[in-house]
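Working notes, beginning with the structure itself.
Since we're looking at a predicted model, the values are computed, not measured. Labels below follow one simple rule: chain letters A, B, ... track the order of the sequence lines, proteins then strands, and each chain is numbered from 1. What you see below is based on every heavy atom in this structure, not just the backbone, and it leaves out hydrogens, waters and symmetry mates.
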Amino acid sequence: MLHHSNTSSFINHEVSDFDFGELEEAIVLQGVKLNNNNHEIKQTLYSTVKPAATLEMFPSWPIRFQQRGSSKSGEESTDSGRSPMNTLSSTRLETESESPISRKASPEQQAAAAAAAFDYKHHHLQPLQRLRQVEMASGSDSPGTGISQATHATATATAKQTPDKRRRGPGSNSEKVLDAKTLRRLAQNREAARKSRIRKKAYVQQLESSRIRLSQLEQDLQRARSQGLFLGGGVANGNISSGGAVFDMEYARWVDDDHGHMTELRTALQSHLSDGDLRVIVDGYITHYDEIFRLRGVAAKSDVFHLITGMWATAVERCFLWMGGFRPSDLIKMLISQLDPLTEQQLVGIYGLQQSTQQAEEALSQGLDQLHQSLLDAIANSSLNDSMHHMVVALGKISNLEGFVRQADNLRQQTLHQLRRVLTVRQAARCFVVIGEYYGRLRALSSLWASRPRESLMTDNNGEMTPGMQMLQPSHQINQFSHF
Amino acid sequence: MQCQSESQSYYSSASRVVGVGGGGGNGSSEPMEAVLRLASSSAVVVFSVSTCCMCHAVKRLFSGMGVSPTVHEIDRDPKGKEIEKALARLLGGSSAVPVVFIGGKLIGAMDRVMASHINGTLVPLLKEAGALWL
């Protein structure tokens, strides 16, 4: 007795009420076949694979039960041969509880679950069958035999044979009658199971929504940064200077104005204005660029690093920045093929401009290199005593940065002015349209890159994504998420 | 030659100031004189400070064009401070170095040199002064 109570109590601890309650309920109710129940049975039976396995580890009763489990029909005939009704009910119960498994499980899982369920069932059903036998017997037979059958039942009783069950006694004659305690216990188990499921679902949903929100925030952040409008904290230390912020706003307005100038130039070219009228528009574009160089001069005085590190620029621009802006020789190189037809003199002028810009850029770059080297020397070769002095020297060198940015901007401005001088009015108009479109596309690259679909590996041989493929990306992405 | 007369007239006006005022003294004219004398001594003259990076840039610009300028490092000149003041006065108050003379004629600081190179006037000046061939 002691042994059995120990094992039964141990087993009660091993398997949660959740698992036990569902299966027990299904067995007891005998064919209350809601979909939920089947699903729960499946779940519990899956989850009971392990508990059943551990139960089999115990030497006391598993051997007998395994033998019992292997010969299902024989066992039934021996145990419940006397009551045909029991046999029928037991088989019905077995099929009922097994069918959800066989329907939904893989073969291995099916076998394991079936085996587990089988063992599990026998832990349940044997006692129940015995009980019914006891009840039947007690109703019909002498107390003596009933008692002996009852003891036999308890001797062979395994898991889940609670005292409540054994003490069911004479009051419950029919299989379908459930006493209050059982009902309450079943209801509690059901409730606990439902609550646990709800908690789990809520947690998973929370995780999912947080993940999606995080990825959206990251995308927004990257997009804003690439457009250079992240005034809140675009730099590593998270702070943008007031001078930098002011310049960013002015630059954004300048870019807007640039679009307006572009439209004006294009319209003017298409409508074949007179040279005089066109000249006004072209000179207006030169003034527009003079304005940004003036603003940059002001910004260089207040925050040279904001300019020179390109915090005002889009990501792609920033990557290939030269001295805080575009490289004039690159611009000329881009324009040379697009400025046809040019006279001999104009060609000489343009190629001369290309060469002089290259030489000037080279000179400025070398000057900046020397600044870099002397700065590093200043902070490297400082002893403990005069480290402050060296820091002051280094700060003095940094103050020269403004000069270099100013010279670079001067170079850019002079290049544009010289272009205007070499070309005719109409050529200059076309040239500036090309320049405006070129930088517009360059600026657009960064936001296109930032908003590209992440999951895609659908590129062609050149590693470029075709627009058609790009259209496919979002649906591909959505499908992946729908699995969750 | 035009440059020579210009500098001479400047010199004479400076000395006149000295003569009348009695103040300022010889110190104010001598550096300017020295500067102008140095500026005329060769085809391309650069006044520089040895540690100045922009001066380094202008030197690289000329050497990149195949020009060998005469460089006066004023921080190594005993009269450097006065020369610096004179140069600042020539430029109109901005920083003193680098300052470039071509053929004795004042070109200016870095921005003027760059602008003249971009607009194509630097090379003819260099050729005229005999600093560039071809």
Side-chain angles (χ1 to χ4, degrees), chain A residues 293 297 300 323 328-329 331-332 345-346 348-378 393-394 396-422, chain B residues 44 46-69 71 73-76 84 87-88 91-100 102 107-128 131-134:
Chain A
F293 292 126
M323 297 234 179
S329 61
L331 187 65
I332 302 299
Q345 191 183 18
Q346 284 178 327
V348 169
I350 294 294
Y351 277 105
L353 184 58
Q354 188 180 31
Q355 191 186 31
S356 58
T357 51
Q358 279 171 343
Q359 286 168 342
E361 284 164 20
E362 184 59 32
L364 282 179
S365 296
Q366 291 191 20
L368 189 64
D369 276 349
Q370 207 210 35
L371 176 64
H372 182 208
Q373 282 310 309
S374 65
L375 179 71
L376 297 184
D377 287 344
V393 168
K397 293 199 181 292
I398 290 177
S399 68
N400 291 317
L401 273 176
E402 188 206 325
F404 278 96
V405 175
R406 213 159 35 81
Q407 292 305 328
D409 278 353
N410 178 38
L411 193 60
R412 293 170 188 125
Q413 190 176 23
Q414 292 302 320
T415 305
L416 289 172
H417 281 247
Q418 182 66 6
L419 265 177
R420 171 72 190 89
R421 277 183 227 116
V422 168
Chain B
V44 182
V46 176
F47 288 93
S48 152
V49 166
S50 58
T51 57
C52 167
C53 307
M54 198 56 80
C55 303
H56 179 76
V58 83
K59 290 176 219 169
R60 300 306 310 163
L61 177 67
F62 282 123
S63 59
M65 294 163 67
V67 173
S68 311
V71 179
E73 308 283 3
I74 62 175
D75 55 326
R76 294 185 189 141
E84 191 185 344
L87 288 170
L91 291 178
S94 54
S95 73
V97 287
V99 179
V100 173
I102 298 181
I107 303 297
M110 185 57 155
D111 53 348
R112 295 292 293 277
V113 174
M114 295 279 241
S116 85
H117 190 34
I118 296 301
N119 66 29
T121 59
L122 188 66
V123 167
L125 276 173
L126 288 167
K127 284 183 183 171
E128 192 186 321
L132 255 186
W133 293 277
L134 183 91

Which atoms of [X] are under 4.5 Å from chain B, going by heavy atoms: the side chain, the backbone, both sets, or neither?
X: A/Gln418; answer: side chain
X: A/Thr357; answer: both
X: A/Leu353; answer: side chain

Cut-off 4.5 Å, heavy atoms of chain A, and the answer for B/Cys52 is backbone
Might you point out which heavy atoms bring A/Leu371 and B/Cys53 nearest each other, and give the distance in Å?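 Result for this residue pair: CA-SG, 3.3 Å.
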Closest non-hydrogen contact found for A/Gly367 with B/Ala57 is CA-CB, 3.9 Å
- Message: Does atom CD (A/Gln373) have a neighbourhood of more than 12 heavy atoms from anything else shown, all under 6.0 Å?
- Response: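 Result for CD/A/Gln373: enclosed.
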- Message: When you compare the side chain of B/Met114 with that of A/Leu364, does any pair of heavy atoms fall below 4.5 Å?
- Response: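 Counting from C-beta outward, A/Leu364 and B/Met114 do come under 4.5 Å.
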To the nearest 0.5 angstrom, please state how far the [atom1] atom of [X] sits from the [atom2] atom of [Y].
X: A/Gln366; Y: B/His56; atom1: CD; atom2: NE2; value: 5.5 Å
X: A/Glu361; Y: B/Leu61; atom1: CD; atom2: CG; value: 11.5 Å
X: B/Lys59; Y: A/Gln370; atom1: NZ; atom2: CD; value: 7.5 Å

Which of B/Asp111, B/Val58, B/Val113 passes side chain to side chain contact (heavy atoms under 4.5 Å, CB included) with A/Gln407? It is B/Asp111
